[in-house]
Amino acid sequence: MATLSCSASDLGPLLGGAANATAAAAYICGQFSTVSTKLSDTTYAIDTTYLLFSAYLVFAMQLDLLCFVRVLTNAVCCYLIYSAFLTGLVYPVVSHWFWSSDGWASPTRADNLLFDSGVIDFAGSGVVHLVGGVAGLMGALIEGPRIGRFDHSGRSVALRGHSASLVVLGTFLLWFGWYGFNPGSFLQIAKSYGDGANYYGQWSAIGRTAVTTTLAGCTAALTTLFGKRLLVGHWNVTDVCNGLLGGFAAITSGCSVVEPWAAIVCGFVASGVLIGCNKLAEKYKYDDPLEAAQLHGGCGTWGIIFTALFAKQKYVNEVYPGRPNRPHGLLMGGGGKLLAAHIIQILVIVGWVGVTMGLLFWLLHKFNLLRISAEDETAGMDLTRHGGFAYVYHDDENGDISQKNGFMMRKVEPTSRTPPSL
Amino acid sequence: MVVSSWEESVTNSINTVYLLFSAYLVFIMQLGFAMLCAGSVRAKNAMNILLTNVVDAAVGSISYYLFGFAFAFGVSSDSNPFIGSHFFALKDIPNETYDYSFFLYQWAFAIAVAGITSGSIAERTQFSAYLVFSFFLTGFVYPIVAHWVWSSNGWLTASSSSELLFGSGAIDFAGSGVVHLVGGIAGLWGAFVEGPRVGRFDAFGKPVRMRGHNATLVVLGTFLLWFGWFGFNPGSFNKILVPYVNTTDQGNWTGIARTAVTTTLAGSTAGVVTLFSRRLLIGHWDPMDVCNGVLGGFVAITSGCAVVEPWAAIVCGFVAAWVLIGLNILALKLKFDDPLEATQLHGGCGAWGLIFTGLFAKKEFVLQVYNSGQLDVPRPFGVLMGGGWGLIAAQVVAVLVIVGWVSITMGPLFYALHKLKILRISIDEELAGLDVSSHGGYAYVDHHEDDQPLRYADYARLKEGSRA
Amino acid sequence: MVVSSWEESVTNSINTVYLLFSAYLVFIMQLGFAMLCAGSVRAKNAMNILLTNVVDAAVGSISYYLFGFAFAFGVSSDSNPFIGSHFFALKDIPNETYDYSFFLYQWAFAIAVAGITSGSIAERTQFSAYLVFSFFLTGFVYPIVAHWVWSSNGWLTASSSSELLFGSGAIDFAGSGVVHLVGGIAGLWGAFVEGPRVGRFDAFGKPVRMRGHNATLVVLGTFLLWFGWFGFNPGSFNKILVPYVNTTDQGNWTGIARTAVTTTLAGSTAGVVTLFSRRLLIGHWDPMDVCNGVLGGFVAITSGCAVVEPWAAIVCGFVAAWVLIGLNILALKLKFDDPLEATQLHGGCGAWGLIFTGLFAKKEFVLQVYNSGQLDVPRPFGVLMGGGWGLIAAQVVAVLVIVGWVSITMGPLFYALHKLKILRISIDEELAGLDVSSHGGYAYVDHHEDDQPLRYADYARLKEGSRA
């Protein structure tokens, strides 16, 4: 609101000659500052509205977790330690480095930027996805694959999640939430870029971010669809969903500073990265039920590199103002400084998370807290730890009621040709 | 004045955007209830409970449009503190006080009430009885309570400019009492008059566990309710562009964000406490319990969400979890059967929420919410914060009158339906499940019902055959 | 001027916030369609229909980005009323007329169209044919209709400043015609060319009921669509910060909230009416019918939502329910098989919605929406409100040209695919279910496929064994 500050001494001469010029000027300024206070209230209100609803959207992303609760191999108490450690220590340290105004690699630092540039990780391909991916990698490496994932000769056996509807539900909800994640990372919307065109400002940049996000995800989904069709031979909905999420994870870093067409490139490569990582994981007998390491780790890494290649100068200057001629994307003619900063980011994150989480999982493993017992796992954790299966479809009511309890249920065998007597 | 009219436009736009999106979020709670209920009943009744939830929303819209809103907020110079009497069928809306967006927001609240109660009487109620009760509750019982507490001339209100009850009025900010306690007590009477489900207690009176058929749906419903609660509590400010006097950069936007924080903290605390105490009591980690615990925390904080500090929200959630566990044990002892624990959850935690507000409301926040932050207004606040007994007395009165009012209206209604034998379904129907008896089939159809080849082997054999 | 530029920033910010969040809501409708479709087909085809819905969104994004948006809204001085020709691949965006947020909002609409049609041809279409048709529909057929009705120089538009058709133009505010009628007619041709599913009608031509496999998903989808419709209808205002001239405190915010109210009322009424009439016709309360009824009401009100009174919305919903029921009976008579009733629902109710607007549009609201509330503009409005025949004539023309245009484009496309034998799957595949034949397995994997102990008894035995 600096533009609206008003001082009586400035205004006084303008009103000239009149005897009570100063008084009039003071009065006008009084009026003016009232208006200006109201206006700044307005800005607060708009920004808060925007931020709150964006936060709600991000929250909605958590919904997705529920789809996968049932395939987690971690025991609950171990999971509590793990999540407390990850969200309480490992993640905040990383986000401090790249996002807080005095982090050593932050692009918003006042001076001494890393390679004059800092790391542009706008909404967190590295800070969020790569951290999560690496943590998952360490966990799954130390725990080893699920029982039955690889047979005696070491070939992989497909263990599929149990419901495609839930996967699709979760994917769409994540997509919905990503609109809070990426465009919401602007934190403010009422901000003009002041380059003459009044229709253009932060609100356009937010709209553009939403568009790049959409395009990257969709391209990745389609590429994965056709790629897997060529490789495996049928159209698979789970692959499409994973491809979509891979595209989103990749664009997260550069979403605000690239053109829409670059987002298509980003999504295209991301799906290649995802498929490649999956092949690699299978080869090395690495089992991650959700492909989290491949998806968030692999595509997150690609996203960081992608930003360093394609960031457009105009957008970089608008999003990180106050320092003209910042380095920008290598392929856009911005030199290699941004790329160098980003490669350092990848190395540092992998190192930090790898060491801390690796140590934690190793300790848990040593104390036998990490993995559930083999019998528990084959029976499924729902039965042993959670008091029964999540689904009870047709429990037997017509029989004697006294027998009925949580565990007695008649499973309908799909092999039987005769409909069950209901 | 051009500038000032533009300012008014801006103010109106922002407030409407805020209120509308909050209303949409509250509406999504109806989906949350539907999923929660569907997951918590047995598969043979899933279709029935889904139908009741959809019909709740549809019937509630019509009745609230025709007269519910008028009963609740139909205020004018001659209206009385007991019931409103204007704006039937949205006549004279929009006016200076109310716009369409306010109606939409209140409508979303109204349909939530019937959603709460539907859980208590699940699995054993005739559908036509359900229609009657839902229409009556949303169109009459709930709006009158809302009028008392929320409209500017209700006798329990805390926001009127004229004299308030005990100089304070009851602070039920987003409706622990108005919404949840009403829904819970209605459910109490419904479940009490109907009696427990067949087979819920065995011949020796020992409870038999009846598990819901789909835990995924329960978790889905809980998260959707959580999502919706961000519209329910923070949205109850109605306007976001209201600066507080005596501050430079604070206003309703600060209060709204704080409300979202207290809401989250209370729910999470209650969830964690329930998780660990149920682990100690019954020996395994049960996601259903955690879900109910989380919801209990939300219900409890709903009343005071805007006027307490975040640390108080943690206290609130902690106690709410124990209220819920205690009431569940009590319900088992008394052979009271409520399939979704709606009475214990919404009734018990709702009552605790009202009391909690009377204990912990902070002076500064109360003044911000109800007096735009003027510091010189003397008014009671939380008794533990040194604010005197005025507020807690009003809160206790609110609990008592709400319980009383709902009991004298819904109790006789359920009793009459019971006497007319249109309340409960027959035992045969109950054993077979409502879906088959009233709704033409089950909610789930498995592969084999088509009597078709099922495995890939069968499919391949069939292909071979057709080629040969 | 510094002040004015700041004011413009605020205006733009508020409008963008509103438009973006509306776009997100419309996007969530895609999830709603996916869940609704998945629940309404048989389990053996669930994976197929889920895939088509995800791919819809993905294919639609690319084609709409590359040329769809240009065909629909590429207006400049030399562009013609039939098709747009600028802004391919978002070139020159943002400019003074369109911002990225507008593109995002229109994109969400475009993918909804293909979502509607996918229901009509479910359970029997080859996936590659689906890709072709989806690309063609979102990238070409739909954008051209959108250009006619919504862009400022389309020949059917109601908002241009130059001369309008019959002095009025067709009022299709949020797209009963542009979105739903297009999707419905495309579905009609698809379902007609493909013919009914195997076993839908028995040897004597009597219909055999094919129930969807999961009512919970249907209800979930319906509520999500309802939620999304709050972005669809009120969001179509695009800008919230537009004060009406000649009023003190009204503006687009009033209109937007009123739109949300009319939408809710129409859907609820249609749901309740369908509930009771199906109860009378077939004898039990069926939640699937209620869900379809609610959606029918929404489709019908979509055209006139901004320009009618709330009471007219109730009339609209009432008739829409009967249109839907009537068309369903007719479809059975004609042996027309549409697994999701998309043709009847979106086509039939969409056409009724356009006519309804011609009957009940209120003068004051029409002027508010299309002329910012200037009272001195002479323009036709609803014929039953005394507004002359101009509007209803334009509405009828709109119905006819949309039906004609979609028929001459989609009809030959489906016929060509049919002749090339890449439209429909073989009978064997259809009997086995698409999930096994094309997608490598079923959508649901039950516990036992792991070949693991399943019963608690088994589990106990296993424990015994390991201990021994």
Side-chain angles (χ1 to χ4, degrees), chain B residues 5-6 8-10 12-17 19-21 23-24 27-28 30-31 34-35 38 46-47 50-51 53-55 57-62 65 89-90 94 96 99-104 107 127 214 217 438-447 450 452-453 456 458-459 462-463 466, chain C residues 7 10-11 14 17-18 21 25 42-44 211-216 219-220 222-224 226-227 230-231 234 240-243 248-254 256-258 260-261 264-265 267-269 271-272 275 282 284-287 290-291 294 310-311 314 428 431-433 436-437 441-442:
Chain B
S5 125
W6 182 80
E8 270 177 44
S9 301
V10 169
N12 284 326
S13 314
I14 297 177
N15 288 336
T16 308
V17 168
L19 192 58
L20 276 180
F21 280 101
Y24 302 160
F27 168 74
I28 210 69
Q30 194 68 15
L31 172 59
M35 292 297 115
M47 194 112 128
L50 288 167
L51 182 63
N53 273 286
V54 178
V55 168
V59 169
S61 314
I62 311 288
Y65 163 72
L90 290 185
E96 276 168 37
D99 200 347
Y100 289 111
S101 50
F102 185 73
F103 166 76
L104 199 80
W107 157 79
F127 187 70
N214 194 329
L217 286 180
S438 318
H439 304 283
Y442 288 112
Y444 302 96
V445 180
D446 285 334
H447 298 293
D450 303 332
Q452 301 294 2
Y456 190 75
D458 295 329
Y459 170 61
L462 192 123
K463 272 200 113 160
S466 74
Chain C
E7 279 186 7
V10 169
T11 312
I14 298 174
V17 168
Y18 179 68
F21 281 101
L25 287 185
R42 288 165 293 171
K44 62 182 182 179
R211 296 182 67 240
H213 79 291
N214 194 328
T216 314
V219 172
L220 176 65
T222 307
F223 270 116
L224 285 173
W226 192 335
F227 185 55
F230 285 131
I240 191 167
L241 187 49
V242 179
T248 50
D249 56 357
Q250 290 190 22
N252 261 358
W253 51 91
T254 321
I256 284 170
R258 189 183 59 238
V261 172
T264 308
L265 287 176
S268 305
T269 313
V272 172
L275 175 75
I282 60 167
H284 46 72
W285 313 94
D286 191 337
V290 180
C291 290
V294 168
W311 62 260
I314 291 188
D428 299 337
L431 285 177
V436 157
S437 59
Y442 290 113

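Here is how names work: the chains are called A, B, and so on, in the same order as the sequence lines, proteins then strands, and each is numbered from 1. These numbers come from the heavy atoms of this one structure, side chains and all, not from hydrogens, waters or symmetry mates. All figures in this text were calculated on a predicted structure; none of them were measured in a lab.
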Answer key: most heavy-atom pairs under 4.5 Å with chain B among C:V272, C:L241, C:V290 is C:L241

Taking the side chain as C-beta and beyond, is there a heavy-atom pair between [X] and [Y] under 4.5 Å?
X      : Y      : result
C:I314 : B:Y65  : yes
C:W253 : B:N15  : no
B:V55  : C:L275 : yes

In Å and rounded to the nearest 0.5 Å, what is the [atom1] to [atom2] distance from [X] to [Y]?
X      : Y      : atom1 : atom2 : result
B:N12  : C:N252 : CG    : CG    : 12.0 Å
B:I14  : C:Y18  : CD1   : OH    : 14.5 Å
B:L104 : C:T264 : CG    : OG1   : 5.0 Å

How close do [X] and [Y] get, heavy atom to heavy atom, and via which atoms?
X      : Y      : value
C:W226 : B:A58  : CH2-N, 4.5 Å
B:M35  : C:T216 : CE-O, 3.8 Å
C:P310 : B:L90  : CG-CD1, 4.2 Å

Sorted by chain and residue number, the side-chain contact (heavy atoms from CB on, under 4.5 Å) partners of B:I62 (sequence neighbours excluded) come out as B:L66, C:S268, C:T269

The side-chain contact (heavy atoms from CB on, under 4.5 Å) partners of C:T254 (sequence neighbours excluded) come to B:P94, B:D99, B:Y100, C:Q250

Q. When you look at B:V54 and C:T222, which way does the side chain to side chain contact (heavy atoms under 4.5 Å, CB included) test go after all the steps?
A. CA-CA 9 Å; B:V54 178; C:T222 307; 5.6 Å; no

Turns out that what part of C:I282 lies under 4.5 Å from chain B's heavy atoms comes down to neither

Side chain, backbone, both or neither: which part of [X] has an atom under 4.5 Å from a heavy atom of chain C?
X     : answer
B:L31 : both
B:Y24 : both
B:A57 : both

Relative to the ring of B:W107, is the ring of C:F230 parallel (under 30°), tilted (30 to 60°) or perpendicular (over 60°)?
perpendicular

